[in-house]
Amino acid sequence: MNVKDKRGSMIYGISIRCILIIISILMLYPFYYCIIYSFSNSKAAMVTNVVLWPAGFTFENYSYVFVNGMVMNAFMVSVLRTVAGIAWALFCTGLAAYAISKKTLPFNRMISIFFVVPMYISGGLIPTYVLYHDLHLFNNFLVYILPHGFWAFNMLLMRSYFDTIPPSLEEAAKIDGAGDFRVLFKIIVPLSMPIIAVIAMYVGVWHWNEWFEPLLYVTKQNLKPLQSILQRIIMETLGSVMEAQSGRVTEHAVSGTSIQMATLVVSTVPIVLIYPFLQKYFIKGTMLGAVKA
Amino acid sequence: MDKISMRKKEVSGVRYTFKEIRRHRMFYLFLLPAAVVCIIFFYRPMVGLIMAFQDYKISKGMFGSPIVGLKYFKEFLQNPFFYLALRNTLVINGLNIAIGFPLSIIFALVLNSFETGPFKKVTQTISYLPHFISWVVVAGLAYKLLDKESGAINLLFAAVGANKAPFMRQPESFWPIITVVSIWKELGWNTIIFLAALSSIDPELYEAAIIDGATTSQKLFYITLPSIAPVIGIMFIFTIGSLFSSGNVSFDAIFNMRNALVSDTANTIDYFIYQEGVGKNRISFAAAIGFAQSIVSFVIVMGANSISKKVRGYGAF
């Protein structure tokens, strides 16, 4: 390689690095902005523009959010929904994946097709809406949980993991007189903790972020999860900001944005905190799925 | 083989199957919860699509509501708001495919050109992060950042001498905004499948090319791109399949980013279905649109798949 080539590739490397750094900053800035705004004094934020650091540093927005009974109740609903949702999904999907992974199971292929079809065809919003009405799931906490027991894609991920467990382990346990239940809970489950963690994460993040079902099916305030409350706060602030810009500045409108940002942070922190630990599992799971598909 | 022995074999086959079923009865029990969920919550709504051909009343149910044939299909095809929603859906998804799809391939190529190290790892970690944030939060951030008076974007515009604009409240800015924000959210995540394909290319191909004196662009066009072409093709088929629905720019995105002031450019077919079916309680009308939408998506995927099979010799199915 001659000198000119070397210099060329060095310039290329540096410029690509710069582009990647700029992309990273663009990806992160909205989060940073949200955090500094949530620590800003609401009145100071009206006077000076919040761009790089908080205006009039304060914790008062957070104390408002944590004292607010509605937000705390919603936080608990979200936590309950996520925990129950993960448990129900692992129970249904995990058991099915284990059964399907048995090659000797009669009608295995037909059963697999039965489970995979809903990945491609669905009844859509309206028939589902009518069904939930008929099943009396409106204003019922179970509407968040029951319909989300089975995840076809996650079942395929789990099945391909079970396939990697050597069958000799099971056979040895069977010879020692263990039943199918014992084999599952004493051998398969302990060996499958990595994939169980991945599926729990997939399902958990989905449940934590879900906001449409409470909007459609739940009108009781004490059953609303955090995302719904957040949505309402955003819409309300939006309305009052529009009012403020039309000249009618109210105290409520002024304080709204900082509190809204604090609520945003509170609802996102759980995900951001677990994210770095789980990132590699997420990617592995998705790649596995890509290879399978 | 004569007939009698063939029958004997069949009988013993059936017997064997019964024996196997008995032996696996525990496993059928394991399948039961998932099967019940699947039948009630996935298959039952598919049957429920019959309501698209009925004058469905919730109080009367599926068997009590009269059948009206294609009445609601004709009705929505004559509704001007349906065509507005159709246009918005095609434009928003089209923009997202035209810009977002190639960008995610380019971003994957750039990331792949780096040797594994902390720099690459940090960039990847950061770029995947927005995928895990709910659209409620993303929309909240977008509204604040694009605010006319104090939003960072408008402050930047003012600093370079451009006019401030109330972006979230003008119908003409909704398409660019939803495109940029959707790409921002999913760009990093969409690279994962391409990165997986790139990492499976045999490094010996590159070594041989270097010995033959190939330039960087020659390596790109003669090794890298042809190697990942099947994956690009399959992903493209899936992306095109959701052109009429909400696969690329999700319903979550539209619902949270839109407001009454921008409804002319923001209401998509999915939103129209929600608005008519849930908001106005026009159940059969909305179900008819949903039914037509699924059929069209299915036809497009199958069409794209068979074209890809004919032209290039591989497809997704």
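Quick note on labels: first sequence line is chain A, next is B, and so on, each numbered from 1.
Note that CD1 of A:Ile19 is 12.0 Å distant from OG1 of B:Thr123, once rounded to the nearest 0.5 Å. For the atom pair CZ of B:Phe27 and CG of A:Leu184, the computed distance is 8.0 Å after rounding to the nearest 0.5 Å. Remark: B:Gln293 CD to A:Leu125 CG distance equals 10.0 Å, nearest 0.5 Å. Note that the OG1 atom of A:Thr268 and the CG atom of B:Leu141 stand 7.5 Å from one another [nearest 0.5 Å]. Annotation: the span from A:Cys92 atom SG to B:Leu31 atom CG amounts to 11.0 Å, rounded to 0.5 Å. Interatomic distance, CE of B:Met26 versus CG of A:Leu95, reported as 10.0 Å (0.5 Å rounding).
In this structure, no portion of A:Trp206 lies under 4.5 Å from any heavy atom of chain B. In this structure, the portions of A:Thr128 lying under 4.5 Å from any heavy atom of chain B include both its backbone and its side chain. Both the backbone and the side chain of A:Leu146 have a heavy atom closer than 4.5 Å to some heavy atom of chain B. Contacts between A:Met155 and chain B at a heavy-atom distance below 4.5 Å are absent for every atom of the residue. Interface residue A:Leu20: backbone and side-chain heavy atoms are both found under 4.5 Å from chain B. Proximity to chain B (any heavy atom under 4.5 Å) is restricted, for A:Phe91, to the side chain, taken from C-beta onward. At a 4.5 Å heavy-atom cutoff, A:Leu226 makes no contact with chain B through either its backbone or its side chain. Residue A:Ile271 touches chain B through its side chain alone, counting heavy-atom pairs closer than 4.5 Å. Residue contact with chain B, scored on non-hydrogen atoms closer than 4.5 Å, involves the backbone and the side chain of A:Ile121 alike. Residue contact with chain A, scored on non-hydrogen atoms closer than 4.5 Å, involves the backbone and the side chain of B:Ile40 alike. Contact of B:Ser284 with chain A is not made at all, since no heavy-atom distance falls under 4.5 Å.
The candidate with the highest count of non-hydrogen atom pairs below 4.5 Å against chain A, out of B:Ser113, B:Gly277, B:Gly140, is B:Gly140. Interface remark: of the candidates B:Thr17, B:Leu129, B:Ile21, B:Leu129 forms the most heavy-atom pairs closer than 4.5 Å to chain A. Contact tally against chain A (heavy-atom pairs below 4.5 Å) for B:Thr216, B:Ile289, B:Val138, B:Ile58: the top residue is B:Ile58. Comparing A:Gly94, A:Pro30, A:Pro106, A:Ser228 by how many heavy-atom pairs each has under 4.5 Å with chain B, the most go to A:Pro106. Counting heavy-atom pairs closer than 4.5 Å to chain B, the top residue among A:Tyr29, A:Phe107, A:Trp208, A:Phe31 is A:Phe31. With respect to chain B, the highest number of heavy-atom pairs below 4.5 Å among A:Lys102, A:Arg17, A:Met261, A:His148 belongs to A:Arg17. If you tally non-hydrogen atom pairs under 4.5 Å between each of B:Ser127, B:Ala35, B:Gly290, B:Ser294 and chain A, the highest count goes to B:Ala35. Top candidate by heavy-atom pairs under 4.5 Å with chain A, chosen from B:Tyr28, B:Phe107, B:Trp184, is B:Trp184. For the options A:Gly124, A:Ala89, A:Ala97, A:Pro118, heavy-atom pairs under 4.5 Å to chain B are most numerous at A:Pro118. Chain A forms more heavy-atom pairs under 4.5 Å with one residue of B:Val122, B:Ile39, B:Ile133 than with any other, namely B:Ile133. Between chain B and the options A:Leu28, A:Leu105, A:Thr93, A:Thr263, the largest number of non-hydrogen pairs under 4.5 Å is found for A:Leu105.
With a 4.5 Å cut-off on side-chain heavy atoms, B:Val137 and A:Ile234 do not count as touching. Put simply, the side chain of B:Asn256 reaches to within 4.5 Å of the side chain of A:Trp211, judged on heavy atoms. Taking 4.5 Å as the limit, some side-chain heavy atom of A:Leu215 sits within range of a side-chain heavy atom of B:Tyr274.
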field: side-chain contact (heavy atoms from CB on, under 4.5 Å) between A:Val117 and B:Tyr43, worked out
entry: CA-CA 9 Å; A:Val117 162; B:Tyr43 282 97; 3.4 Å; yes
- request: Test side-chain contact (heavy atoms from CB on, under 4.5 Å) on B:Arg23 and A:Thr104 and set out the steps.
  value: CA-CA 10 Å; B:Arg23 196 165 73 85; A:Thr104 51; 4.2 Å; yes
task: Could you walk me through whether A:Ile21 and B:Phe119 pass side-chain contact (heavy atoms from CB on, under 4.5 Å), step by step?
output: CA-CA 9 Å; A:Ile21 289 170; B:Phe119 186 78; 3.9 Å; yes
- request: Please lay out, stage by stage, how A:Val130 and B:Ile283 fare under the test side-chain contact (heavy atoms from CB on, under 4.5 Å).
  value: CA-CA 8 Å; A:Val130 172; B:Ile283 292 188; 3.9 Å; yes
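For the pair B:Ala34 and A:Ala96, the tightest heavy-atom approach, listed with the atom from each and the gap, is CB-CB, 3.6 Å. The two residues B:Pro130 and A:Met27 have their closest heavy-atom pair at CG-SD, 3.9 Å. Residue B:Leu49 comes nearest to A:Ser122 through the heavy atom pair CD1-O, 4.4 Å, listed as atom of the first residue, atom of the second, then distance. Looking at every heavy atom in both residues, B:Ile126 comes nearest to A:Ser24 through CG2-O, 3.7 Å. For the pair A:Pro147 and B:Val37, the tightest heavy-atom approach, listed with the atom from each and the gap, is O-CG1, 4.0 Å. Nearest heavy atom pair, residue B:Met51 against residue A:Pro127, reads CE-CA, 4.0 Å.
Residues in residues 206-215 of chain A take part in these salt bridge (charged side-chain N to carboxylate O under 4.0 Å, His left out) pairs, two or more places apart or across chains: A:Arg81-A:Glu210, A:Arg81-A:Glu213.
Ring geometry for A:Phe212 against B:Phe255 counts as perpendicular: the plane angle is over 60°, on a 0 to 90° scale with 30° as the lower cut.
Looking only at distances, a side-chain donor or acceptor of A:Asn209 sits under 3.5 Å from a matching main-chain atom of B:Phe132.
With a 6.0 Å radius and a threshold of 12 heavy atoms from other residues, nucleotides or ligands, B:Lys164 has its NZ atom above the threshold. The environment of OH in A:Tyr32 is crowded: more than 12 heavy-atom neighbours from other residues, nucleotides or ligands sit within 6.0 Å. Environment of NZ in B:Lys121: sparse, with no more than 12 heavy atoms of neighbouring residues, nucleotides or ligands closer than 6.0 Å.
Here A:Phe150 and B:Phe41 keep their ring centres 6.0 angstrom or further from each other.
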